[in-house]
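What you see below is based on every heavy atom in this structure, not just the backbone, and it leaves out hydrogens, waters and symmetry mates.
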There are 2 protein chains.
Amino acid sequence: MEQKSTQNKSKRGGLRVNAGRKVDTGLFGEPTSVIRVPESQKGVVKDFLSAYRNKQLKQESYNHLEIVAADKSGDIALPLFTSKVAAGFPSPADDHIEKRLNPNDFLIDQQDATFFVTISGLSMRDAGLLPNDKAVVDRSKIPAIGDIVLAVIDSEYTIKMLAKTKQNQPRLLSANPDFAPIEIKEGQQFEIWGVVTGSFRRFK
Amino acid sequence: MEQKSTQNKSKRGGLRVNAGRKVDTGLFGEPTSVIRVPESQKGVVKDFLSAYRNKQLKQESYNHLEIVAADKSGDIALPLFTSKVAAGFPSPADDHIEKRLNPNDFLIDQQDATFFVTISGLSMRDAGLLPNDKAVVDRSKIPAIGDIVLAVIDSEYTIKMLAKTKQNQPRLLSANPDFAPIEIKEGQQFEIWGVVTGSFRRFK
DNA sequence: ATTTTGATTGTTGTTACAATAATCAAATGG
DNA sequence: CCATTTGATTATTGTAACAACAATCAAAAT
């Protein structure tokens with residue numbers, strides 16, 4: 001392998017006095033250091049850090065979280081294309097329009113039991129719920145194991161997947177390995193506020 | 001220093017089969033791991049961790065003692081949560097809901113230029129677009145670098161993020177490391193059919 | 001029966017390291 | 001001569017490793 005002396009590689013390169021990555025060009029624009037955190041809080045800390053990064057980028061403050069009631073007025077049904085192929089699908093000329101779709105109808109079953117909540121944090125990332133997405137919460141649905149729910153634990157609201165322990169106690173799972181499951185212990189206030197039946201977002 | 005053979009130390013000790021510190025006897029009662037944080041936020045994270053520790057302690061006394069009911073009110077302030085960003089957000093009492101949101105208004109700008117497409121495949125997974133999601137495609141928007149677009153390459157349709165090469169040729173990026181970028185070569189038919197301005201889905 | 005002591009094993013803050021990323025300028029190619 | 005390629009250089013970043021510390025055990029000593 002060695003060919004130090006007989007190398008005939010190209011003669012590019014050589015000393016670069018001022019080369020190299022510049023300082024503070026990392027994610028945070030400042031030096032970092034490591035810190036030890038309990039396994040179960042890893043996700044929380046990471047969430048905080050990514051929010052901190054965003055805050056640095058755009059001077060915006062953290063999005064204020066609030067529950068918003070659903071308004072289903074207006075009646076627009078727009079074309080929906082079919083696509084069954086993974087990489088591509090045939091030209092959506094007008095004859096490929098399968099049907100028309102009204103997002104309001106698609107998303108909302110019981111208008112007066114439906115609310116929207118803005119997602120914050122990455123704890124449901126792998127379920128496709130990203131920060132700033134709107135989650136559709138239906139209070140009239142009966143929660144089942146496996147559902148994504150809006151739960152209240154000691155008056156803290158959180159969106160998690162509903163599961164149960166072997167002792168049939170509620171257990172809330174994140175969709176992100178950085179976040180530990182939450183077990184509801186005796187004496188804790190716990191309520192399932194509603195079932196997350198859908199979500200929507202804007203990209204642009 | 002060595003005195004292996006001539007040692008006349010006391011004869012205490014010897015094998016201790018079950019000796020040693022017990023697991024999870026540390027500060028947090030659970031395993032820990034290290035994480036890298038920006039220097040300036042080290043204190044914030046440490047504050048959070050010590051508050052978390054207190055909270056754990058308190059929780060414990062709740063479960064085992066019955067005389068602590070008095071200080072239930074004094075909830076520990078978790079610095080990380082003050083910005084409502086990470087794990088929970090404040091209780092939205094039902095009568096505090098003033099705003100209403102109409103998904104159609106939120107998602108659709110130009111009614112007659114908007115179409116829906118059903119996502120298939122995982123190539124845009126990390127952008128939060130999962131199979132069966134509905135993408136909102138607006139044909140009236142002008143595509144910009146960084147936008148998610150519905151593109152047509154040799155009459156195959158695909159949803160990707162728009163980028164460009166150094167030669168200013170279009171380049172389509174997936175939001176999933178398993179998928180390679182697509183470069184548009186000379187002679188290929190290429191068109192940006194519309195800009196993906198949003199998406200929505202149902203969970204249940 | 002209590003205390004001392006060495007062995008044992010987990011925690012914890014820090015350092016080290018390898019993989020990646022960013023940047024520079026010489027060499028190359030048109 | 002100018003844009004691109006290439007290797008060198010330097011910083012970031014997640015993780016592994018380490019050493020000092022802490023907790024626990026039981027044999028030996030008191």
> What string of B, S and - do you get for nucleotides 13-20 of chain D, 5' to 3', when a contact is any protein heavy atom under 4.0 Å?
Replying inline: BBB-B---

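- Remark: C1' of D:dA11 and CG of A:Asp24 are 9 Å apart, rounded to the nearest angstrom.
- Smallest separation of non-hydrogen atoms from B:Ser123 and B:Ser174: O-CB, 3.3 Å.
- Side-chain N or O atoms of B:Asp138 include none that pairs as donor or acceptor with a backbone N or O of B:Thr114 at under 3.5 Å.
- Nucleotide C:dT9 holds its C1' atom 11 Å from the CG atom of B:Asn18, rounded to whole Å.
- Expressed to the nearest 0.5 Å, how far CG of B:Leu107 lies from CZ of B:Phe116 amounts to 7.5 Å.
- In this view, B:Glu183 and B:Arg171 satisfy the side chain to side chain donor-acceptor pair (under 3.5 Å) rule, not counting sequence neighbours.
- Counting only residues at least two apart or on different chains, the side-chain hydrogen bond (donor to acceptor under 3.5 Å, both in side chains) pairs with a member in residues 194-204 of chain B are A:Asp109-B:Arg202, A:Asp147-B:Lys204, A:Ser199-B:Arg201, A:Arg201-B:Ser199, B:Asp133-B:Arg201.
- A:Arg125 meets the salt bridge (charged side-chain N to carboxylate O under 4.0 Å, His left out) test with no other residue; sequence neighbours excluded.
- Secondary-structure annotation of DNA chain C gives the stems C:1-30 with D:1-30, with a stem taken as at least 3 successive Watson-Crick or G-U pairs whose two distances both fall under 3.5 Å.
- Identified under the salt bridge (Lys or Arg N to Asp or Glu O under 4.0 Å) test for residues 18-35 of chain B, with sequence neighbours left out: none.
- For the pair B:Glu39 CD and D:dA11 P, the computed distance is 16 Å after rounding to whole Å.
- Shown here is A:Ile145, whose CD1 atom has more than 12 heavy atoms of other residues, nucleotides or ligands within 6.0 Å.
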